[in-house]
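Heads up: the structure comes next, in structure tokens.
Excluded from the calculations below are hydrogen atoms, water molecules and symmetry mates; all remaining heavy atoms, backbone and side chain alike, are included. Note that the structure is predicted; figures quoted are calculated from it, not measured.
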Amino acid sequence: MFTELNSILNTTPDSFTQGEFVLLSDRQSDASFLIHHFLSLYLRARCRVWFVGLVQSFNHYSAISQRLGVSLTQAKEKGQLVFLEGLKESLSVLIPEDTDPGSQAMDFLRDPAVGLKSLYEFVRSSATSSAVGKHEEAEEKWGPPVLLVDDLSVLLSLGVSVGAVLDFSHYCRATVCSQLQGNMVMLSRCDGGEEEDDGDDEGSERLLKGLTHQCSLTLHVQGLPTGYCRDIHGQVEVCWRRRQGDGHHTQKKLFQYKVHDKGASFFAPGTSSAVL
């Protein structure tokens with residue numbers, strides 16, 4: 001959990017906005033440090049977290065969270081964290097074994113054209129259930145539910161359409177943010193340049209635009225326009241979108257950052273804008 005970022009977002013484990021969809025994105029950079037930030041933030045806030053990890057293993061996230069002072073293993077044992085390890089679940093779908101049939105959440109791998117209904121059902125049924133951890137004698141009182149996904153854009157390379165991914169995020173937002181008054185954090189990557197409009201890059205751009213219309217807060221990570229710098233790793237554009245009357249009020253601020261082993265430093269170059 002990065003205290004400087006919490007200050008920018010006016011957020012703490014004891015005080016944060018509920019019902020919020022936070023979109024993380026990057027372009028020719030790496031926004032994964034923000035996933036680790038929000039994971040540790042919501043676990044410290046005693047929220048019940050559902051993590052759909054599509055690109056990294058549980059051990060990867062656990063090792064980094066340990067450096068940030070959070071134990072994912074303990075969170076799982078207490079029932080606070082439900083982790084869907086996409087890499088492992090994919091193997092159970094592609095190479096099924098009678099002894100370990102796995103869950104049905106990744107069934108779309110058999111036929112990507114059917115969409116992500118099975119993955120959504122996993123989120124919906126898990127988030128609305130009252131299951132407790134295996135070492136608990138009684139159910140603990142957790143805060144609002146939180147869904148984290150890292151990362152949505154990988155679904156495009158698996159053959160899932162942009163429309164199906166947007167439908168998935170829409171229904172998750174309706175369940176987690178609106179119905180349960182919880183929060184949602186999703187990462188989506190755009191590897192190509194802004195000018196590119198062919199192939200997978202076009203799909204990732206369309207996905208990012210669609211997700212931007214759904215969310216209330218975006219954090220977009222990109223490299224410095226001046227190129228590599230040893231003391232500054234990149235910049236983050238933070239954009240708040242709030243409903244006002246018949247339209248949206250948008251406020252943007254730009255921060256430079258540097259990631260350390262146990263945190264990150266953020267520097268504001270003094271640029272911000274508000275759009276009605």
Side-chain angles (χ1 to χ4, degrees), residues 1-13 15-17 19-42 64 68 146 148-153 169 173 177 183-197 201-202 204-244 247-276:
M1 185 179 67
F2 308 147
T3 55
E4 290 186 10
L5 180 56
N6 282 341
S7 178
I8 292 170
L9 301 179
N10 194 25
T11 297
T12 69
S15 176
F16 57 89
T17 304
E20 190 166 61
F21 175 13
V22 181
L23 174 62
L24 312 177
S25 63
D26 59 35
R27 187 185 304 278
Q28 298 178 335
S29 190
D30 186 3
S32 59
F33 71 96
L34 294 175
I35 282 284
H36 300 298
H37 165 78
F38 283 102
L39 175 60
S40 61
L41 168 68
Y42 288 123
I64 295 178
L68 297 177
V146 173
L148 276 75
V149 182
D150 180 12
D151 77 79
L152 282 175
S153 57
S169 64
R173 182 168 63 101
C177 300
N183 287 3
M184 201 164 74
V185 181
M186 293 183 170
L187 171 65
S188 183
R189 300 182 184 279
C190 286
D191 292 329
E194 296 186 45
E195 302 290 325
E196 297 182 25
D197 60 353
D201 291 327
E202 180 184 13
S204 62
E205 292 290 347
R206 288 171 50 212
L207 176 60
L208 182 59
K209 290 179 181 178
L211 293 170
T212 301
H213 286 297
Q214 294 182 11
C215 72
S216 53
L217 172 64
T218 63
L219 288 85
H220 181 65
V221 178
Q222 54 191 339
L224 294 172
T226 54
Y228 172 78
C229 177
R230 184 180 62 180
D231 296 322
I232 299 176
H233 289 159
Q235 60 188 25
V236 180
E237 182 184 74
V238 183
C239 179
W240 293 265
R241 301 176 72 250
R242 297 287 185 262
R243 284 189 177 276
Q244 287 191 350
H248 284 89
H249 174 78
T250 302
Q251 182 182 16
K252 295 181 180 180
K253 291 186 177 181
L254 191 65
F255 300 88
Q256 296 174 342
Y257 72 91
K258 181 176 182 179
V259 178
H260 308 286
D261 185 48
K262 294 187 177 182
S265 296
F266 288 82
F267 315 95
T271 59
S272 64
S273 62
V275 181
L276 295 176

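- Taken from NE2 in His37 to CG in Leu219, the straight-line distance is 8.5 Å, to the nearest 0.5 Å.
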Practice task
May I have the step-by-step check of side chain to side chain contact (heavy atoms under 4.5 Å, CB included) for Leu5 and Thr11, ending in yes or no?
Solution key: CA-CA 8 Å; Leu5 180 56; Thr11 297; over 6 Å; no
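- When side chains are defined from C-beta on, Val221 does not count as touching Asp30, because their heavy atoms never get closer than 4.5 Å.
- A side chain to side chain contact (heavy atoms under 4.5 Å, CB included) with Met186 holds for exactly one of Ile35, Val22, Leu148, Leu152; it is Leu152.
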Exercise for the section: For Ser204 and Arg189, run side chain to side chain contact (heavy atoms under 4.5 Å, CB included): C-alpha distance rounded to whole Å, both residues' side-chain angles, the deciding distance at 0.1 Å, then the answer. Expected result: CA-CA 7 Å; Ser204 62; Arg189 300 182 184 279; over 6 Å; no
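- Interatomic distance, Lys258 NZ to Glu4 CD, rounded to the nearest 0.5 Å: 12.5 Å.
- Atom-to-atom distance recorded for Glu20:CD and Leu9:CG is 8.0 Å, nearest 0.5 angstrom.
- Between Leu187 and Leu34 the shortest side-chain heavy-atom distance does not fall below 4.5 Å.
- Ring centroids of Phe33 and Tyr257 are separated by less than 6.0 Å, placing the two rings close together.
- Atom CG in Leu217 sits 12.5 Å away from atom CE in Met184 (nearest 0.5 Å).
- Between the Asp151 side chain and the Ser188 main chain, no donor and acceptor come within less than 3.5 Å of each other.
- Every residue two or more places apart in sequence or in another chain was checked for a salt bridge (Lys or Arg N to Asp or Glu O under 4.0 Å) with Asp150, and none qualifies.
- Scanning all heavy atoms of the two residues, the minimum distance from Ser153 to Leu207 falls at CA-CD2, 3.9 Å.
- Side-chain contact between Gln235 and Gln222 is present, with heavy atoms from C-beta onward closer than 4.5 Å.
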Problem - CA sep, side-chain torsions, deciding dist, call: Val146, Phe38, side chain to side chain contact (heavy atoms under 4.5 Å, CB included) - result: CA-CA 10 Å; Val146 173; Phe38 283 102; over 6 Å; no
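- Distance check, rounded to the nearest 0.5 Å: CD of Gln214 to OG of Ser216 gives 11.0 Å.
- For the pair Arg241 (side chain) and Thr218 (backbone), a donor-acceptor distance under 3.5 Å is absent.
- Rounding to the nearest 0.5 angstrom, the gap separating the OG atom in Ser32 from the CD1 atom in Ile64 is 6.5 Å.
- When all heavy atoms are compared, the tightest approach of Leu68 to Ser40 is CD1-OG, 4.2 Å.
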Practice task
Could you check Ile8 against Lys253 for side chain to side chain contact (heavy atoms under 4.5 Å, CB included), going step by step and ending with a plain yes or no?
Solution key: CA-CA 9 Å; Ile8 292 170; Lys253 291 186 177 181; 6.0 Å; no
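- For Thr17 against Asn183, the heavy-atom pair with the smallest separation is O-ND2, 2.8 Å.
- In this structure, Phe16 and Asn6 have side chains that are not in contact, with every pair of non-hydrogen atoms separated by 4.5 Å or more.
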